[in-house]
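Questions regarding the structure given below will be posed in turn.
Chain naming here is simple, since letters A, B, ... match the order of the sequence lines and numbering starts at 1 in each.
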Number of protein chains: 2
Amino acid sequence: MNSPDGCSTFLVRHAWLSLRGVVAEALVAHELSVAQFASLLMLNDTPGMSVADVARKVSTARQSANEMLAGLERAGLVERRPNPNDRRSQRIYLTDAGRVRLDEALPTVRAVEAKLSEGFSAEEIAVVAAWLTRMTQAEQSTTTEEISTC
Amino acid sequence: MNSPDGCSTFLVRHAWLSLRGVVAEALVAHELSVAQFASLLMLNDTPGMSVADVARKVSTARQSANEMLAGLERAGLVERRPNPNDRRSQRIYLTDAGRVRLDEALPTVRAVEAKLSEGFSAEEIAVVAAWLTRMTQAEQSTTTEEISTC
DNA sequence: GCAGAATTGACAGGTCCCTGTCAATCGCCT
DNA sequence: AGGCGATTGACAGGGACCTGTCAATTCTGC
């Protein structure tokens, strides 16, 4: 796919690293990490998620999500409330401050991303999105699928 | 770009995580980590690089590359030779075993990647590659470009 | 109902990678 | 020639994330 590497995987990796860097840079002014921003985004879209839900949504470990949400909670951007239907879990909601913070940060991030995609048509972007989504469906066999061969 | 997140950055991240998982799974049979495989690939393409060169090529920190190369060296897949032109740096070369290992692993990885891209035309793949490459050109301002505004 | 499997949030421990730093060396410039 | 910034490889220390585990709770099959 690419001449020097030859593997699209590392092209995707490089793109992710660059994008993360740019987004992180855009977020320092809002005192948010990339992961925190992602969580705020998810929580705004789906309020009342549990820690485990957030972890699944941002595809990270439960504990990582827990630690990061603790940071957001310390900053007063999210709050945990007991879940009346499930005494194990807690529902997590954006506070007003969290919503304000997200409303401030989101346009910045969107602007950065839009600027980077300049020159690509909507159809091309759609193709890219389709390809990336296809990659995400690369479900790795959790239980190792080559057991019998040995 | 994507309905739930709304940010292409996280779609790229998700794609990278999935790809890394799949590639890592394909590489366990060859006893290679994804980073090690990338380094072998780069060193095969450009033999005699220094540790710093490898770090830049795989876009990681010098020390991370150093540790990983130490692992490859312990496994006998690469070797360090003094650089006659520069007594600070060392030239790193693939050993015969390293070349064999790479020749074994590369087809596996390529097959996995090709299988994932099934159904996309060459033109579409080219668009994806162009977009990803464009993202990698998102040079983050190392020296903060918004100094004057405050 | 109730035993067993699954899930949730939290904890410990470890890994990977990064930043900051250092002496040694190289390149440039005068 | 010689000073000075930049680079290289190595070291210490820390941050972010993960796996493995636990009690508590919920869900499921009988």
Side-chain angles (χ1 to χ4, degrees), chain A residues 10 13-14 16-18 20-21 23-25 27-28 31-39 43 48-74 78-93 140 142-144, chain B residues 10 13-14 16-18 20-21 23-25 27-28 31-39 43 48-74 78-93 140 142-144:
Chain A
F10 300 114
R13 176 181 124 96
H14 200 172
W16 155 242
L17 289 177
S18 292
R20 187 186 58 175
V23 170
E25 189 180 340
L27 284 175
V28 290
E31 292 182 40
L32 284 175
S33 76
V34 178
Q36 288 176 330
F37 173 74
S39 297
L43 283 168
M49 298 168 89
S50 68
V51 175
D53 288 332
V54 174
R56 277 186 292 264
K57 268 272 195 183
V58 303
S59 43
T60 187
R62 274 205 311 277
Q63 174 176 354
S64 306
N66 205 356
E67 294 171 355
M68 192 200 43
L69 287 171
L72 286 174
E73 195 177 15
R74 267 194 305 275
V78 304
E79 60 178 358
R80 307 183 183 207
R81 303 182 204 160
N83 186 342
N85 301 328
D86 190 338
R87 276 186 295 177
R88 293 173 302 180
S89 64
Q90 322 156 6
R91 294 184 158 274
I92 303 170
Y93 294 93
Q140 45 214 305
T142 325
T143 46
T144 60
Chain B
F10 300 114
R13 176 181 126 94
H14 200 172
W16 155 242
L17 289 176
S18 292
R20 187 186 58 174
V23 170
E25 188 180 341
L27 285 174
V28 290
E31 291 182 40
L32 284 175
S33 75
V34 178
Q36 287 176 333
F37 172 75
S39 298
L43 283 167
M49 299 168 85
S50 68
V51 175
D53 287 333
V54 174
R56 277 186 291 265
K57 268 271 195 182
V58 302
S59 41
T60 185
R62 272 205 313 275
Q63 176 176 356
S64 306
N66 205 354
E67 295 171 354
M68 192 200 42
L69 287 171
L72 286 174
E73 196 177 15
R74 266 194 305 274
V78 303
E79 60 178 358
R80 308 183 183 207
R81 304 183 204 159
N83 186 343
N85 302 326
D86 189 339
R87 276 186 294 176
R88 295 172 300 180
S89 63
Q90 320 156 6
R91 293 183 158 276
I92 302 171
Y93 294 92
Q140 44 215 306
T142 325
T143 48
T144 60

Want to settle it: does A:Ile92 or A:Glu67 sit nearer the 5' end of DNA chain C, counting the closest nucleotide to each?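 Counting from the 5' end, the first nearest nucleotide belongs to A:Ile92.
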Search all heavy atoms of A:Ile92 against all heavy atoms of A:Leu43 and return the closest pair with its distance.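 Heavy atoms of A:Ile92 and A:Leu43 come nearest at O-CD2, 3.7 Å.
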Could you work out, with side-chain contact (heavy atoms from CB on, under 4.5 Å) as the rule, every residue matching A:Asn83, not counting sequence neighbours?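 Per chain and number, A:Asn83 pairs via side-chain contact (heavy atoms from CB on, under 4.5 Å) with A:Asn85, A:Asp86, A:Ser89, A:Arg91.
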For the OG atom of A:Ser50 and the CD atom of A:Gln90, what is their distance to the nearest 0.5 Å?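 Separation between the atoms: 9.0 Å.
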Output all residues satisfying side-chain contact (heavy atoms from CB on, under 4.5 Å) with B:Arg74, sequence neighbours left out; order by chain, then residue number.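 side-chain contact (heavy atoms from CB on, under 4.5 Å) check on B:Arg74 returns B:Ala70.
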Length of the CZ-P vector between A:Arg56 and C:dA6, whole Å: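 Taking atom P of C:dA6 as the reference, CZ of A:Arg56 is at 15 Å.
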Round to a whole Å and report the spacing from CG of B:Asn66 to C1' of C:dC18.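 Taking atom C1' of C:dC18 as the reference, CG of B:Asn66 is at 14 Å.
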Whole angstroms only, please: what is the CE-C1' distance between A:Met49 and C:dT7?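 Roughly 15 Å, once rounded to whole Å.
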When all nucleic acid strands are considered with a 4.0 Å heavy-atom cut-off, which category describes B:Gln63: base, sugar-phosphate, or nothing?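 Touches a base.
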So which atom in A:Met68 and which in A:Ser39 form the shortest heavy-atom distance, rounded to 0.1 Å?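 A:Met68 and A:Ser39 have their closest heavy atoms at CE-OG, 2.8 Å.
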Five-pair end axes of the helix from C:dG1-D:dC30 to C:dT30-D:dA1 and the angle they enclose, rounded to 10°: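 The angle, to the nearest 10 degrees, is 40°.
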So B:Ala52, base contact, sugar-phosphate only, or nothing? Heavy-atom distance under 4.0 Å.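 Sugar-phosphate contact only.
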Side-chain contact, heavy-atom cut-off 4.5 Å: A:Lys57 with A:Met49?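 When only atoms from C-beta onward are counted, A:Met49 and A:Lys57 do touch, with a gap below 4.5 Å.
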Give the first and the last nucleotide of DNA chain D, reading 5' to 3', that has any atom under 4.0 Å from a heavy atom of chain A.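 Here the contact window of chain A covers D:dC17 to D:dT26.
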Is there a side-chain contact between B:Phe10 and A:Val58 in this structure, where contact means two heavy atoms from C-beta onward sitting under 4.5 Å apart?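 No, every pair of side-chain atoms sits at 4.5 Å or beyond.
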Please figure out whether A:Ala35 or B:Ser50 has its closest DNA chain D nucleotide nearer the 5' end.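 Between the two, 5'-proximity favours B:Ser50.
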Contact between A:Arg13 and B:Arg20 at the side-chain level, heavy atoms closer than 4.5 Å - yes or no?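 Contact flag for A:Arg13/B:Arg20 side chains = no.
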Between the base of C:dT25 and the side chain of B:Arg88, is there a donor-acceptor distance below 3.5 Å?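 Answer is yes: a donor-acceptor pair is held.
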Measure the spacing between CG of A:Leu72 and CD of A:Glu79 and express it to the nearest 0.5 Å.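 One finds 12.5 Å between CG of A:Leu72 and CD of A:Glu79.
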Between the protein and nucleotides 2-4 of chain C, which nitrogen or oxygen pairs are less than 3.5 angstrom apart?
none

Give a yes/no answer on whether the side chain of B:Ser64 brings an N or O atom under 4.0 Å of OP1 or OP2 in C:dC18.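 So the side-chain polar atoms of B:Ser64 do come within 4.0 Å of the phosphate oxygens OP1 or OP2 of C:dC18, strictly under.
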Close side-chain approach of A:Leu69 to A:Arg80, heavy-atom, < 4.5 Å: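 SC-SC contact between A:Leu69 and A:Arg80 confirmed.
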Provide the closest heavy-atom pair for B:Ala65 versus B:Val54 in the form atom of the first, atom of the second, distance.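 Looking at all heavy atoms of both residues, the shortest contact is CB-CG1, 4.5 Å.
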Which atoms form the tightest heavy-atom contact between B:Leu27 and B:Val34, and what is the distance?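 For B:Leu27 versus B:Val34, the nearest heavy atoms are CD1-CA, 3.9 Å.
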DNA chain D contacts among residues 80-87 of chain B, heavy-atom distance under 4.0 Å: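 Within this stretch, B:Arg80 sit under 4.0 Å of the strand.
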Under 3.5 Å donor-acceptor, B:Ser18 side chain and B:His14 backbone: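 Yes; judged by distance alone, with no hydrogens or angles, the pair exists.
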